[in-house]
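Numbers restart at 1 for each chain; the letters A, B, ... are given by sequence-line order, proteins then strands. Heavy atoms only: backbone and side chains are in, while hydrogens, waters and symmetry mates are out. Computed from a prediction, not measured in an experiment: that's the story for all the values here.
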Number of protein chains: 2
Amino acid sequence: MNLERCYVITYIIHMQSGRPSCSPERARFSKRISIEQVEEGQLLAPKFDRDGLIPVVATDADTGEVLMVATMDAEAFLRTVDTREAHYWSRSRQVRWRKGTSSGLVQDVVEIRIDDDQDAVWLRVRVREAGASCHVGYRSCFYRSVKLDQSRPGSPIELRFEETEKKFDPRQVYGNAPNPTRL
Amino acid sequence: MNLERCYVITYIIHMQSGRPSCSPERARFSKRISIEQVEEGQLLAPKFDRDGLIPVVATDADTGEVLMVATMDAEAFLRTVDTREAHYWSRSRQVRWRKGTSSGLVQDVVEIRIDDDQDAVWLRVRVREAGASCHVGYRSCFYRSVKLDQSRPGSPIELRFEETEKKFDPRQVYGNAPNPTRL
């Protein structure tokens, strides 16, 4: 159900019985009324895309390293605010997930930031246990850089490993769970 | 034209005349053949979404602060690699843009990282002049945080300004250009 419809139905049912049928939690996101309110206001009014998702960047709260880029649906966003543990929406698996439930690598949220037009989220996190956020086993999902010095027009662009040692063995941690990477 | 077709057509025309009709630049992105190659390989094989875009996080190369989240199309990605200046695709304006062309706030790229499944990009940048990346005038687009300590179930979630002073006056820099924020 989209947010706009949720507001209307919540309001009507609330007026009739006081018991809303769709999550009243949604009302914690404010309506987007004007550009000035969205950009300069003091209320959270996130914009979810046509799939109901918002992009999220998680960085290490201490080093500033980007750990991962993911998405949240509205419910994952609210759970992250309320529990201060990162929750995401997996597009490849089409499920909501609390990061670290199977691996133990929970992301404790230190700060949540929202951008100017409120269509992107930045989480500053501390990662428990091995301190890794990448399902391949590395600390950051961004363990490779583009070889800028060797990039020549016409030839394939090459990558360099910036992390050379895995923090955990993904086979031990995830077992036979399907790999989330899609071709 | 999708990338797969581009490869085939480039190859056929190259075999016939040596003059490809679609950009041979596309061949600089390698094909995505296997999960192992995408995750553990040394060739750039990015995954663009159904709109031909890939999400990009730009951080300050020195402080680690997240400056903005944006998107690139294939051409913006290649221009960024070749010029070492950040290029993006604007979804609200539906144009490719070199960041800073109108404002002077060019982002010089220090490093480009790609994530495990190669569907997200991290740019580490240094910003010229006023050192700001946000069209509202702030240093970072993420100038507000969620008030975690005051967030209560049922009540609207509030924001706190983490930056209180704008680095430039957007009216002076952008004049009457339309605001990119969409409701």
Give the intermediate values and the outcome of side-chain contact (heavy atoms from CB on, under 4.5 Å) for residues B:Ile114 and A:Phe142.
CA-CA 5 Å; B:Ile114 192 88; A:Phe142 293 85; 5.6 Å; no
Where does B:Ser34 contact chain A at under 4.5 Å (heavy atoms): side chain, backbone, both or neither?
backbone
What residue, out of A:Gly41, A:Pro55, A:Cys134, A:Ser140, has the most heavy-atom pairs lying under 4.5 Å from chain B?
A:Gly41
Do B:Leu44 and B:Leu53 share a hydrophobic cluster (ILVMFWY, side-chain heavy atoms under 4.5 Å, transitive)?
no
Among B:Ile157, B:Val146, B:Ile112, which residue forms the greatest number of heavy-atom pairs with chain A at distances under 4.5 Å?
B:Ile157
A:Asp51, A:Ile33, A:Thr59: which one forms the most heavy-atom pairs within less than 4.5 Å of chain B?
A:Asp51
A:Leu183 and B:Asp117, any side-chain heavy atoms less than 4.5 Å apart
no
With chain A, which of B:Gly64, B:Ser92, B:Ala45 has the greatest number of heavy-atom pairs at distances under 4.5 Å?
B:Gly64
Just checking A:Gln150: does its CD atom have more than 12 heavy atoms from other residues, nucleotides or ligands closer to it than 6.0 angstrom?
yes
Could you check which of A:Gln37, A:Gln118, A:Met68, A:Arg124 has the highest count of heavy-atom pairs closer than 4.5 Å to chain B?
A:Gln118
Which heavy atom of A:Asp116 sits nearest a heavy atom of B:Arg144, and at what distance?
O-NH2, 3.1 Å
Kindly say whether A:Glu162 contributes a backbone atom to a donor-acceptor pair with the side chain of B:Arg113 at under 3.5 angstrom?
no
Run the salt bridge (Lys or Arg N to Asp or Glu O under 4.0 Å) check on B:Arg84 and A:Asp149 step by step: do they pass?
CA-CA 10 Å; B:Arg84 301 197 194 180; A:Asp149 47 343; 5.8 Å; no
Hey, does B:Asn179 have a side-chain heavy atom less than 4.5 Å from the side chain of A:Glu39?
yes
Within the supplied structure, the quantity of interest is the number of heavy atoms (other residues, nucleotides, ligands) at a distance under 6.0 Å from B:Lys47 NZ; does it exceed 12?
yes
Are the charged groups of A:Glu111 and B:Arg160 less than 4.0 angstrom apart, N to O?
no
Does B:Val173 belong to the same Ile/Leu/Val/Met/Phe/Trp/Tyr cluster as B:Leu67, with side-chain heavy atoms less than 4.5 Å apart forming each link?
yes
Can you check salt bridge (Lys or Arg N to Asp or Glu O under 4.0 Å) on A:Glu158 and B:Arg28, steps first, answer last?
CA-CA 9 Å; A:Glu158 294 178 38; B:Arg28 296 173 68 193; over 6 Å; no
Do you know which two heavy atoms are closest between B:Glu40 and A:Phe161, and how far apart they sit?
O-CZ, 3.3 Å
Are there over 12 heavy-atom neighbours, none belonging to B:Lys167, within less than 6.0 Å of that residue's NZ?
no
Does atom CD of B:Gln94 have more than 12 heavy-atom neighbours, drawn from other residues, nucleotides or ligands, at distances under 6.0 Å?
yes
Greatest number of non-hydrogen atom pairs under 4.5 angstrom with chain A, of B:Asp119, B:Val81, B:Val121, falls to B:Val81
Before accepting this row, confirm whether a basic side-chain N of the pair A:Asp49/B:Arg91 lies closer than 4.0 Å to the acidic partner's carboxylate O.
no
Would B:Met72 and B:Phe29 show up in the same hydrophobic cluster when neighbours are defined by side-chain heavy atoms closer than 4.5 Å?
yes
Looking at B:Val136, B:Ile35, B:Val66, which has the largest count of heavy-atom pairs under 4.5 Å with chain A?
B:Val66
The interface call for A:Val57 against chain B, heavy-atom contacts under 4.5 Å, is side chain
What part of B:Val56 lies closer than 4.5 angstrom to a heavy atom of chain A: side chain, backbone, both or neither?
neither
Against chain B, work out which of A:Asp60, A:Leu43, A:Val69 has the most heavy-atom pairs shorter than 4.5 Å and name it.
A:Leu43
Establish whether A:Val127 and A:Phe168 are linked, either directly or via other cluster members, by ILVMFWY side-chain heavy-atom contacts under 4.5 Å.
yes
Sort out for me which of B:Thr63, B:Leu148, B:Val109 touches chain A most, counting heavy-atom pairs under 4.5 Å.
B:Leu148
How about B:Glu165: does its CD atom have over 12 heavy atoms from other parts shown lying under 6.0 Å from it?
no
Tell me whether B:Tyr174 shares a hydrophobic cluster with B:Tyr88, the cluster being built from Ile, Leu, Val, Met, Phe, Trp, Tyr side chains joined at under 4.5 Å.
yes
